[in-house]
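Everything quoted here is computed from the prediction, not taken from an experiment.
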Amino acid sequence: DYSGSSLSFQIETSILLESNYPTLFYFGQEDGGNNLYTRSIDLSIDAINFNLPFLRTNLNYDYGLAGTSNFLLDEYIQIAGVFDGENQQLTLYINGQQVQSNTVNANQIIFESSDNNYTIGSGYSSGEQINFFNGNIRSFSIWEVAINQDDLSNLSNIEDHLIVKY
């Protein structure tokens with residue numbers, strides 16, 4: 001179980017865009033509602049609803065997103081996402097540079113042990129893995145703290161807050 005007001009991730013990846021909605025990871029549970037917490041976070045590329053493919057981190061569909069169409073394909077990039085519930089902000093970084101920060105409608109993220117929807121390399125919807133990612137993932141880390149631009153250049157400063165590392 002995890003319940004907190006801050007969550008950050010970093011993934012080093014090379015993206016091959018061979019489908020319209022590849023998902024790099026999906027964690028949590030499909031669960032919306034009229035509340036101030038979210039039950040999921042994901043990182044995907046939307047090539048359906050945008051003129052240019054849009055790399056975005058997303059909170060449970062309707063709680064908010066941050067993204068950009070300015071990212072490289074077929075070479076390794078570092079992508080970081082930061083959910084700061086205290087300030088209700090979701091921020092996306094590419095190669096250590098902030099590309100977008102948006103206000104979101106959530107102040108907490110909740111994962112429960114009964115959630116079985118933790119996927120790397122695909123999305124999740126209606127009980128099935130979907131939107132498979134085609135590319136390479138070199139590393140993936142999640143912290144239970146809102147990291148900042150300085151932390152991205154010196155990740156050893158936040159090792160105490162590390163939840164998972166692949």
Side-chain angles (χ1 to χ4, degrees), residues 2 6-32 38-84 89-102 104 106 109-144 146-147 149 151-153 155 158 162-166:
Y2 172 78
S6 299
L7 189 78
S8 301
F9 68 83
Q10 183 180 38
I11 187 166
E12 187 175 4
T13 184
S14 174
I15 300 168
L16 305 174
L17 192 58
E18 295 183 357
S19 65
N20 287 329
Y21 208 94
T23 302
L24 285 87
F25 74 85
Y26 178 96
F27 286 175
Q29 179 68 38
E30 293 174 295
D31 189 12
T38 184
R39 292 292 315 280
S40 72
I41 187 168
D42 68 82
L43 179 65
S44 59
I45 301 158
D46 185 345
I48 297 172
N49 298 305
F50 296 89
N51 289 336
L52 296 172
F54 192 71
L55 174 68
R56 67 182 190 180
T57 187
N58 194 48
L59 295 175
N60 206 49
Y61 305 107
D62 54 357
Y63 285 95
L65 63 87
T68 182
S69 292
N70 189 17
F71 63 98
L72 299 173
L73 296 173
D74 300 327
E75 60 181 78
Y76 278 96
I77 58 174
Q78 290 182 342
I79 304 164
V82 179
F83 168 65
D84 177 355
Q89 289 291 126
L90 186 63
T91 305
L92 185 71
Y93 296 87
I94 296 183
N95 294 331
Q97 300 300 310
Q98 181 179 315
V99 293
Q100 189 175 46
S101 187
N102 286 327
V104 295
I109 191 164
I110 299 172
F111 300 133
E112 297 178 354
S113 58
S114 60
D115 299 341
N116 58 358
N117 315 320
Y118 299 97
T119 63
I120 298 174
S122 72
Y124 182 86
S125 182
S126 303
E128 295 183 22
Q129 284 184 285
I130 60 169
N131 302 325
F132 292 93
F133 173 68
N134 189 5
N136 298 300
I137 297 174
R138 256 192 206 155
S139 64
F140 180 60
S141 300
I142 300 176
W143 298 270
E144 58 182 352
I147 62 176
Q149 207 158 2
D151 294 329
L152 290 171
S153 61
L155 296 175
I158 56 171
L162 189 65
I163 296 174
V164 67
K165 183 175 184 173
Y166 295 102

Leu90 to Gly64 - nearest heavy-atom pair and separation:
CD2-O, 3.9 Å

Is there a donor-acceptor contact under 3.5 Å linking the side chains of Gln10 and Gln78?
yes

Without hydrogens or angle criteria, can the side chains of Thr91 and Ser101 be said to hold a donor-acceptor pair below 3.5 Å?
yes

As an exercise, state the distance from OG of Ser139 to CD1 of Ile137, rounded to the nearest 0.5 Å.
9.5 Å

Verify whether the ring centers belonging to Phe133 and Phe25 lie closer than 6.0 Å.
no

Heavy-atom distance under 4.5 Å between the side chains of Leu17 and Pro22, does that happen here?
yes

Ile79: which of Leu92, Thr57, Asn95 passes side-chain contact (heavy atoms from CB on, under 4.5 Å):
Leu92

Check the orientation of Phe140 and Phe27. Use parallel for under 30°, tilted for 30 to 60°, and perpendicular for over 60°.
perpendicular

Taking C-beta and beyond as the side chain, do Trp143 and Leu155 meet within less than 4.5 Å on heavy atoms?
yes

Tell me, do Asp74 and Ile15 make a side-chain contact under 4.5 Å, heavy atoms counted?
no

Close side-chain approach of Gln89 to Val104, heavy-atom, < 4.5 Å:
no

Separation between CD1 of Ile11 and CD1 of Ile120, rounded to the nearest 0.5 Å
7.0 Å

Distance col, row Arg56:CZ vs Gln100:CD, nearest 0.5 angstrom, shows 11.5 Å

Exceeds 12 heavy-atom contacts within 6.0 angstrom, atom CG of Asn51:
no

